[in-house]
*Asks:* 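Below is the structure I would like to discuss, written out as structure tokens.
Keep in mind that what you see is a predicted model, and the values were worked out from it rather than measured. Below, read A as the first sequence line, B as the second, and so on, with proteins coming before strands; counting in each chain starts at 1.
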There are 2 protein chains.
Amino acid sequence: MDMEARAHSEHPEALRLWLRLLTCTQLVEKQLRSRLRERFDTTLPRFDLMAQLERAPEGLKMNELSRRMMVTGGNVTGITDQLVQEGLVDRVDVEGDRRAYRVRLTARGRKQFHDMAQQHEQWVVEAFGGLSEKDVSTLHRLLGRVKETMVARSQEPAA
Amino acid sequence: MDMEARAHSEHPEALRLWLRLLTCTQLVEKQLRSRLRERFDTTLPRFDLMAQLERAPEGLKMNELSRRMMVTGGNVTGITDQLVQEGLVDRVDVEGDRRAYRVRLTARGRKQFHDMAQQHEQWVVEAFGGLSEKDVSTLHRLLGRVKETMVARSQEPAA
DNA sequence: TATTGTTATACTCTATAACTATA
DNA sequence: TATAGTTATAGAGTATAACAATA
């Protein structure tokens with residue numbers, strides 16, 4: 001459990017921070033994955049897709065889902081196919097563009113997502129149970145800067 | 001790029017923090033992966049394994065590597081096989097236990113790792129370039145609490 | 001020509017479980 | 001019996017590229 005031993009070198013602070021960030025994320029993610037699997041027989045990307053749809057009652061187009069989930073289009077097709085087959089989402093035509101669909105939660109999908117989301121949230125709350133409200137907001141703010149840095153960089157021309 | 005839209009519900013702070021943590025980690029990780037691939041034709045787990053060995057000049061046993069890298073044993077065997085084939089690490093017998101090996105960096109492995117680590121560190125420093133020294137240390141400290149929470153939990157009997 | 005979405009394919013990463021050899 | 005490590009297998013997750021239909 002000591003991935004952080006990777007730190008060495010002359011800029012140890014940034015490196016140690018990165019390794020800790022990675023460790024924390026992996027620990028939480030592994031726990032969420034295995035619990036989603038155990039209790040709901042589902043995966044994180046499936047949960048993620050449904051979560052995106054829950055916020056968009058009118059549905060989302062495939063390319064919008066792809067952008068929000070930060071994965072390429074082919075993958076979204078696969079996940080969507082599974083969820084359609086289980087009756088949790090459906091594809092509806094977009095008026096005026098016969099190439100495109102919108103993907104929506106079905107009533108059943110909405111209900112199932114609600115159950116999962118409630119559990120999921122409780123697990124997340126537990127994961128951050130060692131932090132005060134102020135700590136949580138500090139973390140959120142500082143990580144926001146990291147996110148900005150990375151997003152800004154990804155929009156620059158390649159170095 | 002808006003995974004964080006997943007937040008909903010009554011405990012939005014913890015959830016939003018988790019989604020931001022996940023987004024940040026994914027952004028940094030994807031960049032590191034693709035750069036390691038482009039410049040050194042290697043992967044993050046391979047880099048990780050070599051980094052563990054760099055800190056242990058006398059080498060590490062397979063189960064120790066597995067523990068530190070937080071993955072199961074079979075995977076470590078596969079990665080080690082690749083690195084042995086490329087002459088970057090070698091397996092040496094453990095005196096007094098003919099079941100076990102220790103895996104060590106070769107001279108060539110050490111040299112190649114050094115080059116990679118220098119670049120890797122620079123990329124990481126850039127990723128956190130938006131933070132002051134104090135921010136970095138605050139983040140490190142708060143994430144340390146999260147890590148403790150998760151590690152403590154994983155040692156409890158199953159819920 | 002460009003865009004939307006799908007299909008086909010391949011690779012990385014991981015876990016599980018059965019196995020061999022040694023303790 | 002237990003432990004160290006390997007092998008075999010399966011599945012998640014992802015990217016890339018070629019493709020069809022429509023704009």
*Asks:* Check whether any side-chain nitrogen or oxygen of B:Asn63 sits under 4.0 Å from OP1 or OP2 of D:dT3, and answer yes or no.
*Replies:* no
*Asks:* Does D:dT22 have OP1 or OP2 sitting under 4.0 Å from an N or O in the side chain of A:Arg98?
*Replies:* yes
*Asks:* Taking any heavy-atom pair under 4.0 Å as a contact, classify B:Arg37: base, sugar-phosphate, or nothing.
*Replies:* sugar-phosphate
*Asks:* Quick one: B:Met62 CE to D:dG5 P, roughly how many Å, whole number?
*Replies:* 7 Å
*Asks:* Any side-chain N or O of A:Thr77 under 4.0 Å from OP1/OP2 of C:dT7?
*Replies:* no
*Asks:* Taking the side chain as every heavy atom from C-beta outward, state whether B:Thr149 and A:Leu27 have any pair of such atoms under 4.5 Å apart.
*Replies:* no
*Asks:* Check every atom of D:dT22, C:dG5, D:dG5 against the side chain of A:Lys61 and return the nucleotide holding the closest atom.
*Replies:* C:dG5
*Asks:* Using whole Å, report how far CD of A:Gln26 lies from P of D:dG13.
*Replies:* 15 Å
*Asks:* To the nearest angstrom, how far is A:Arg67 atom CZ from C:dT4 atom P?
*Replies:* 12 Å
*Asks:* If you look at every strand shown and take non-hydrogen atoms under 4.0 Å, does A:Thr43 touch a base, only sugar-phosphate, or nothing?
*Replies:* sugar-phosphate
*Asks:* Tell me the interatomic distance from A:Gln82, atom CD, to C:dT7, atom P, rounded to whole angstroms.
*Replies:* 13 Å
*Asks:* What is the distance, to the nearest angstrom, from the OH atom on A:Tyr101 to the C1' atom on D:dT22?
*Replies:* 12 Å
*Asks:* So if I take every side-chain heavy atom of B:Ala100 and compare against D:dT22, C:dT4, D:dA4, which nucleotide ends up nearest?
*Replies:* D:dA4
*Asks:* Measure across B:Leu105 and B:Arg110 and return the closest heavy-atom pair with its distance rounded to 0.1 Å.
*Replies:* O-NH1, 3.5 Å
*Asks:* Tell me whether A:Lys111 at atom NZ has more than 12 heavy atoms from other residues, nucleotides or ligands lying less than 6.0 Å away.
*Replies:* no
*Asks:* For B:Arg102, enumerate each residue passing the side chain to side chain donor-acceptor pair (under 3.5 Å) test, keeping only those at least two apart in sequence or located in another chain.
*Replies:* none
*Asks:* Rounded to whole angstrom units, what separation is found between the CG atom of B:Leu44 and the C1' atom of D:dA15?
*Replies:* 16 Å
*Asks:* Taking the nucleotide of DNA chain D with the closest heavy atom to each, which residue, A:Arg33 or A:Gly73, is nearer the 5' end?
*Replies:* A:Arg33
*Asks:* When we call it a touch if two heavy atoms are under 4.0 Å apart, what does B:Arg91 touch: a base, just sugar-phosphate, or nothing?
*Replies:* sugar-phosphate
*Asks:* Measure CG/A:Leu22 against C1'/C:dC13 and give the value in whole Å, please.
*Replies:* 13 Å
*Asks:* Donor-acceptor check, side chain of A:Asp135 to backbone of A:Ser132, threshold 3.5 angstrom: yes or no?
*Replies:* yes
*Asks:* Under 4.0 Å: is that the gap between some side-chain N or O of A:Lys30 and OP1 or OP2 of C:dT14?
*Replies:* no
*Asks:* Where each residue is assigned the nucleotide of DNA chain C containing its nearest heavy atom, which of A:Arg102 and B:Asn75 is assigned the position nearer the 5′ end?
*Replies:* A:Arg102
*Asks:* D:dT3 C1' sits how many Å from B:Glu64 CD, rounded?
*Replies:* 15 Å
